[in-house]
2 protein chains.
Amino acid sequence: MLTTLKDVAKLANVGVSTASYALNGNKLIKESTRKKVLQAANELGYHPNGNAKNLKRSKNDMIGLFISGFTGPFFNQLLEGIQDVVVSHGYELVVCASNERHRMLTERLVDGAIILNYHIESELLKTVASEKMPLIVLDREIDHPHIYKALLPNDKGIKQALKHLEDKGHKDIGFIAGSTDSYDGETRLSAFKHYIKEHNFTTEQSAILRADFTEASGYETMKTFLKNNHHYPTAFIAANDEMAMGAIRAIKEEGLSVPTDIAVVGFDDIIIAQYLQPSITTVRVHKKQWGEQVAEAMLNILKGANADLILQPTMELIEREST
Amino acid sequence: MLTTLKDVAKLANVGVSTASYALNGNKLIKESTRKKVLQAANELGYHPNGNAKNLKRSKNDMIGLFISGFTGPFFNQLLEGIQDVVVSHGYELVVCASNERHRMLTERLVDGAIILNYHIESELLKTVASEKMPLIVLDREIDHPHIYKALLPNDKGIKQALKHLEDKGHKDIGFIAGSTDSYDGETRLSAFKHYIKEHNFTTEQSAILRADFTEASGYETMKTFLKNNHHYPTAFIAANDEMAMGAIRAIKEEGLSVPTDIAVVGFDDIIIAQYLQPSITTVRVHKKQWGEQVAEAMLNILKGANADLILQPTMELIEREST
DNA sequence: AAAAGCAATTGAAACGATTCAACAAATTTA
DNA sequence: TAAATTTGTTGAATCGTTTCAATTGCTTTT
């Protein structure tokens with residue numbers, strides 16, 4: 001069997017409690033016996049059993065990030081931001097991309113969770129959230145005393161994109177929406193619809209396309225659209241950069257030019273956006289900053305601070321060659 | 001306090017053991033009492049305490065992936081591959097990017113671990129690995145009965161890259177190495193040195209540059225090199241695509257052309273490589289496949305199968321515009 | 001009608017740590 | 001010198017599950 005604290009204690013010739021205190025740096029233990037215990041632990045290659053430890057302490061020193069998958073370039077920077085802050089406060093971060101069980105979350109193997117995963121139902125979140133287990137959601141509206149929100153101001157982003165296109169003289173603007181599962185995607189879409197109406201743009205219903213956030217889907221959707229409609233908008237906004245990429249590829253393939261015939265604005269500012277030809281005008285989401293803010297908030301909540309601060313990550317339009 | 005199994009049992013008017021059996025689907029329990037228990041659990045919003053559960057069962061149904069950080073586009077596809085396989089076998093995956101404690105690993109909160117993190121010392125790995133906790137390392141040579149290896153055939157990749165350049169008529173070939181921490185980076189470098197000598201290429205010592213895997217470092221290094229040397233190789237191999245990108249940017253900025261003046265071969269085939277101008281010739285690493293193989297191997301090991309199979313992810317040269 | 005078998009339920013003993021309260025020995029104080 | 005305090009050490013209780021072994025009612029068999 002694996003080495004336990006008892007084995008260490010026996011080898012060091014002390015009680016288990018002494019061994020425990022020694023290893024945890026309790027200062028009541030005499031220096032000489034601490035040495036003995038450390039030596040024994042080392043000799044046996046002892047590592048504590050985390051489950052036992054966490055069970056007893058009812059604390060894991062662990063924060064969980066729950067995302068829907070690792071596909072796509074969006075998560076990396078967000079992750080970096082969260083990671084940096086979390087470890088600098090003595091916690092560790094675990095990232096899970098579960099789509100059904102979410103055991104790490106439901107069985108309370110973390111002390112707090114950050115949620116960006118549409119697979120997890122809000123009802124479940126409500127039964128899991130508690131004083132001892134605060135949640136921060138990045139992907140939904142939800143009302144619960146221990147669930148905090150850190151949502152992107154997608155509305156403002158869309159507004160900026162439209163303003164930019166308007167300034168460039170566009171009146172007829174289309175939209176490429178992502179999958180309906182996504183909170184950000186859908187708020188971007190409805191913000192678009194809202195402002196279109198408010199500012200009397202001439203967008204036709206048929207110019208609101210539906211794709212699924214991938215480059216390929218952006219390509220296919222735009223291709224089909226151009227094949228079936230001889231009239232097309234002078235500009236498109238895509239709900240993310242990957243779809244914008246795909247759309248641009250399709251447009252070019254149909255013999256049209258970006259931005260002369262059709263201008264395209266993306267969303268997120270993924271790394272690749274600046275390297276493409278044409279480079280993509282996009283609404284930059286400060287993903288790393290977002291992650292940092294969320295993590296800071298989580299740590300404050302865990303510290304007991306009253307952190308119902310509503311986070312406002314910033315967004316800005318980055319003008320490039322595609323408009 | 002939080003709801004425990006005892007609370008559920010009390011509400012359902014049964015013993016704790018009955019409640020436990022009921023929730024775990026033991027068929028000795030009468031259907032009517034199972035219903036009672038489920039109903040009670042539901043009413044209380046009960047979720048089992050994972051630490052207690054895992055402690056008792058000495059099993060976590062959890063596999064850990066330990067990487068050095070979330071920066072860079074390399075990990076995503078690897079992650080996808082691992083994730084898919086792991087969840088399809090009833091396990092869950094946790095990803096940790098720790099750089100000092102690695103508690104998820106050392107405190108045995110996972111049943112098996114996949115290591116791609118140079119921050120974790122081999123000595124530590126040896127004290128952690130055991131029958132109950134198999135390890136697969138992706139980033140080092142290490143000898144231990146419970147540590148399995150799944151290393152990339154970097155040697156072959158370099159060979160292919162050199163062959164390709166040779167076919168294109170290059171004799172004087174430079175190299176851009178990554179940071180010395182990286183196993184893959186260093187094996188790529190030494191394979192390069194080896195074949196250079198074996199095939200009598202005319203590479204000068206000064207044309208072996210040292211960067212750190214980032215685009216920026218590739219750019220800087222190449223910039224400095226071109227500034228200081230009026231003679232330059234007709235081709236470079238970079239230890240990853242990002243450095244290749246940076247190098248190309250520098251080369252173009254110095255008024256030289258890729259591939260006419262200097263050809264560049266990258267390594268990994270990250271998504272962006274095909275979209276750049278010029279698109280990058282690179283040694284493709286089948287990252288998703290690699291991830292799948294590794295995960296399969298881990299699950300086999302956990303199942304007790306004798307899986308000392310040495311994995312051989314494939315590599316192939318993808319020719320594009322940069323050569 | 002007693003014996004045997006089965007179905008359903010249960011108390012109690014683990015799992016491996018932490019930590020309280022008790023204690024002994026050594027030291028200080030009165 | 002007795003009492004009080006300090007310094008180290010320790011057994012035992014606890015965290016919330018799972019699971020063994022025992023127990024209770026019922027049927028069924030002899």
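Each chain gets a letter, A, B and so on, in the order its sequence line appears, and its residues count up from 1.
Heavy-atom contacts of chain B under 4.0 Å fall on DNA chain C between two terminal nucleotides, which in 5' to 3' order are C:dA8 to C:dG16. The outermost nucleotides of DNA chain D lying under 4.0 Å from heavy atoms of chain A, listed 5' to 3', are D:dG8 to D:dG16.
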Legend entry - Derivation of the side chain to side chain contact (heavy atoms under 4.5 Å, CB included) call for B:E141 and B:Y183: CA-CA 9 Å; B:E141 299 275 359; B:Y183 172 81; 3.3 Å; yes
Inset, instruction - Would you please test B:L65 and B:V86 for side chain to side chain contact (heavy atoms under 4.5 Å, CB included) and show each step? - result: CA-CA 11 Å; B:L65 171 64; B:V86 166; over 6 Å; no
Legend entry - Derivation and outcome, side chain to side chain contact (heavy atoms under 4.5 Å, CB included), residues B:L55 and A:N49: CA-CA 8 Å; B:L55 170 60; A:N49 178 315; 4.1 Å; yes
Inset, instruction - Could you walk me through whether A:I63 and A:L302 pass side chain to side chain contact (heavy atoms under 4.5 Å, CB included), step by step? - result: CA-CA 10 Å; A:I63 288 174; A:L302 289 174; 3.9 Å; yes
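Taking the charged nitrogens against the carboxylate oxygens, A:E92 and B:R101 have no contact shorter than 4.0 Å, which rules out a salt bridge. Salt bridge A:D84/A:K288: present, at least one basic N to carboxylate O contact under 4.0 Å.
Atom NZ of A:K35 has 12 or fewer neighbouring heavy atoms from other residues, nucleotides or ligands inside a 6.0 Å radius. More than 12 heavy atoms of other residues, nucleotides or ligands lie within 6.0 Å of NZ in A:K59, so this atom counts as buried by the packing criterion.
A side-chain donor-acceptor contact under 3.5 Å links B:T214 and B:D212. Side-chain contact check for A:H102 and A:T106: no donor-acceptor pair (N or O, by modelled atom type) lies under 3.5 Å.
Residues from residues 34-62 of chain B that place a heavy atom under 4.0 Å from any atom of DNA chain C, listed by number: B:L55, B:K56.
Within 4.0 Å (heavy atoms only), A:V16 reaches no atom of the nucleic acid at all.
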